[in-house]
Amino acid sequence: MHNKLPAGFYRGTDVVAIARNLLGKQLNTCFGDDYTAGIIVETEAYCGATDRACHAFGDKRTARTEVMYATGGVAYVYFVYGLHHLFNIVTNKEGAADAVLIRAIEPVAGLEVMQARRGVAENDKRLTGGPARLTQALGITVADNKTSLTGDKIWLSEGRYYPGNEIVATTRIGVDYAGTDALLPWRFFIRGNNYVSK
DNA sequence: TAGGTGATCTTG
DNA sequence: AAGATCACCTAT
């Protein structure tokens, strides 16, 4: 597609700012003949070195977290709860384990493909609202871990502009184990958007 | 609100 | 090496 975001977009050093800036961008995938896309409407920032909620907290290096240390602009996809694949965008320079979890998109292309993958109706918010739902709708799995976001399988493009007063910042979801870091306002979403989780 | 499911990491 | 944990979803 046109307007593909350049590698530099992902290399900024402020993952919280990038998480906010990702709202309104279009997330695209193309696997085989199946093209699907949606506008990002909910994100969460995870900041490796200092963030107790981050898988790479304290610069923890394991097989799973290794990709978070890569130069920004690749996918971090992991498997949780025995059935869900979650998609993150790695940011910052090599050695800084920052990433942004994509929590919801509003579908804009390939709706019939998404519907077939998800098994729910096109106009149902459950099609792409939720971090595990959007990965399934887009066909992303752990096989796409480490995939470059400037390639031709998964990429971002300019999508829609949202003014600042439509952007809401709150605490992140499902990170109660992180102590006081669970209170950080690092979740961002579009006010009133139907696909944002409650 | 409870249970499912399996990779990852271990006095969380 | 077994068991707790887990950035969630679906169905009662």
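Throughout, a chain's letter reflects where its sequence line sits, starting with A, and its residues are numbered from 1. For the numbers below, each heavy atom of this structure counts, side chains included, while hydrogens, waters and symmetry mates do not.
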Do the side-chain N or O atoms of [X] get closer than 4.0 angstrom to the phosphate oxygens (OP1, OP2) of [N]?
{"X": "Y177(A)", "N": "dA7(C)", "result": "yes"}
{"X": "R118(A)", "N": "dT10(C)", "result": "yes"}
{"X": "T62(A)", "N": "dC9(B)", "result": "yes"}
{"X": "H55(A)", "N": "dA7(C)", "result": "yes"}

Interatomic distance, [X] [atom1] vs [N] [atom2] [rounded to whole Å]:
{"X": "Y81(A)", "N": "dT8(B)", "atom1": "OH", "atom2": "P", "result": "16 Å"}
{"X": "R172(A)", "N": "dC8(C)", "atom1": "CZ", "atom2": "C1'", "result": "17 Å"}
{"X": "E66(A)", "N": "dT8(B)", "atom1": "CD", "atom2": "P", "result": "12 Å"}
{"X": "R64(A)", "N": "dT10(B)", "atom1": "CZ", "atom2": "C1'", "result": "13 Å"}
{"X": "R61(A)", "N": "dT8(B)", "atom1": "CZ", "atom2": "C1'", "result": "18 Å"}
{"X": "R103(A)", "N": "dC9(C)", "atom1": "CZ", "atom2": "P", "result": "7 Å"}
{"X": "H85(A)", "N": "dA7(C)", "atom1": "NE2", "atom2": "C1'", "result": "15 Å"}
{"X": "F57(A)", "N": "dC9(B)", "atom1": "CZ", "atom2": "C1'", "result": "16 Å"}

Checking base pairs now: Watson-Crick or wobble, both atom distances under 3.5 Å. What partners dA7(C)? none
Counter-base of dT11(B), judged by Watson-Crick or G-U geometry with both distances under 3.5 Å: none
Between dA7(C) and dT11(B), how far is it from one P atom to the other, in whole Å? 15 Å
Using the C1' atoms only, state how far dA7(B) lies from dA11(C), rounded to an integer number of Å. 25 Å
Tell me which nucleotide among [options] gets nearest to the side chain of [X].
{"X": "A132(A)", "options": "dT10(C), dA7(C), dC8(C)", "result": "dC8(C)"}
{"X": "K60(A)", "options": "dT10(B), dT10(C), dA7(C)", "result": "dT10(B)"}
{"X": "Y46(A)", "options": "dA7(C), dT10(C), dC9(C)", "result": "dA7(C)"}

Are the side chain of R52(A) and the backbone N or O of T180(A) linked by a donor-acceptor pair below 3.5 Å? no
Within the distance-only criterion (no hydrogens, no angle test), does the side chain of D144(A) pair as donor or acceptor with the backbone N or O of T141(A) below 3.5 angstrom? yes
Remember a base hit wins even if backbone is also touched, and classify G179(A) as base, sugar-phosphate or nothing at under 4.0 Å, heavy atoms. nothing
With heavy atoms under 4.0 Å as the rule, sort L83(A) into base, sugar-phosphate or nothing. base
Can you spot which of T13(A), N88(A), N92(A) makes a side chain to side chain donor-acceptor pair (under 3.5 Å) with D98(A)? N92(A)
Using the closest heavy atom to pick a nucleotide of DNA chain C for each, name whichever of A56(A) or R133(A) lands nearer the 5' end. A56(A)
Of G174(A) and V120(A), the one whose nearest nucleotide on DNA chain C sits closer to the 5' end is G174(A)
Please indicate yes or no: is the ring centre of F79(A) less than 5.5 Å from the centre of the six-membered base ring of dA7(B), with the two planes inclined by under 30 degrees? no
Using a strict threshold of under 4.0 Å (side-chain N to carboxylate O), is an ion pair present between E158(A) and K4(A)? no
Check this for me: does any side-chain nitrogen of one of D124(A) and R133(A) sit under 4.0 Å from a carboxylate oxygen of the other? no
Supply the atom-to-atom distance Y78(A) OH to L101(A) CG, rounded to the nearest 0.5 angstrom. 6.0 Å
